[in-house]
Amino acid sequence: MSKNGKFLAGALIGGTAAAVVALLLAPKSGKEMREDLAKKTDEWLDVASDYTDDFVAKTSEMGAIVKDRASDLSEQASDLASNVKGKVNDSMDDMDDITTDTLEDLKRQSSDLSDRFRKAASDAKDVAEDASEDIVIDVKETKEDAKETVSEGAAALADKSEELSKDKPDFAEVKEELKEEVEKNNPE
């Protein structure tokens, strides 16, 4: 049970106990006291109902925020995976093309073998470096996007939590009213 739920339950139990004590010790007639208690009970039930409705609405909003942010993160991860897969496939195709070209050249011109091999290795290295740099850039961008998404979600959740904590009913006033009512009806 959450802190607020425990507080609400304690306040309701305490209010009920105070009402019973007031009924037993009050110099008012039973009918008057029952009417007063019925009014106070209705007031408490209205406050509890309003608080519960507000709490349910805000937790639903928080759930929607978390769901939206999770969807955004999933989409970003999927995009990153697609980009990486595409870069790797493109690199593999480029490597296959380079290898095929190199083998054909080797068959035709064995005298240029050394020069062509160096060029192919350099080209393969450049392709691998370019693909690696592109992947690193994509990963960094996705990481930043994910951080921003998580930050936005955390900020939205913090705002909703703050709203929820600000909207707590003031049970101290009701407690004081009950105490004054008991003292007024029992002057000793």
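Note that these values count all heavy atoms, side chains included, but never hydrogens, waters or copies made by symmetry.
One distance of note links CE of Met95 with CG of Asp90; it measures 13.0 Å at 0.5 Å rounding. Note that the CD atom of Glu61 and the CD1 atom of Ile65 stand 7.0 Å from one another [nearest 0.5 Å]. Residue Lys125 holds its NZ atom at 12.0 Å from OG of Ser132, rounded to the nearest 0.5 Å. To the nearest 0.5 Å, atom CD of residue Glu141 and atom CG of residue Asn83 are 9.0 Å apart. Annotation: the span from Met62 atom CE to Lys58 atom NZ amounts to 10.5 Å, rounded to 0.5 Å. The distance from the CD atom of Glu75 to the CG atom of Asp145 is 10.5 Å, given to the nearest 0.5 Å.
The only member of Leu80, Leu73, Asp79 that meets side chain to side chain contact (heavy atoms under 4.5 Å, CB included) when paired with Gln76 is Leu73. Val84 pairs in a side chain to side chain contact (heavy atoms under 4.5 Å, CB included) with only one of the listed residues (Asp138, Asn89, Ile135), which is Ile135.
At least one donor-acceptor pair closer than 3.5 Å links the side chain of Ser82 to the backbone N or O of Ser78. Proximity of a side-chain donor or acceptor of Thr142 to a complementary backbone N or O of Val139 within less than 3.5 Å is not detected.
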Let's go through Arg69 and Asp72 carefully: what are the C-alpha distance in whole Å and the side-chain angles of both, what is the deciding distance for salt bridge (Lys or Arg N to Asp or Glu O under 4.0 Å) to 0.1 Å, and is it a yes or a no? CA-CA 5 Å; Arg69 295 302 171 217; Asp72 291 347; 3.2 Å; yes
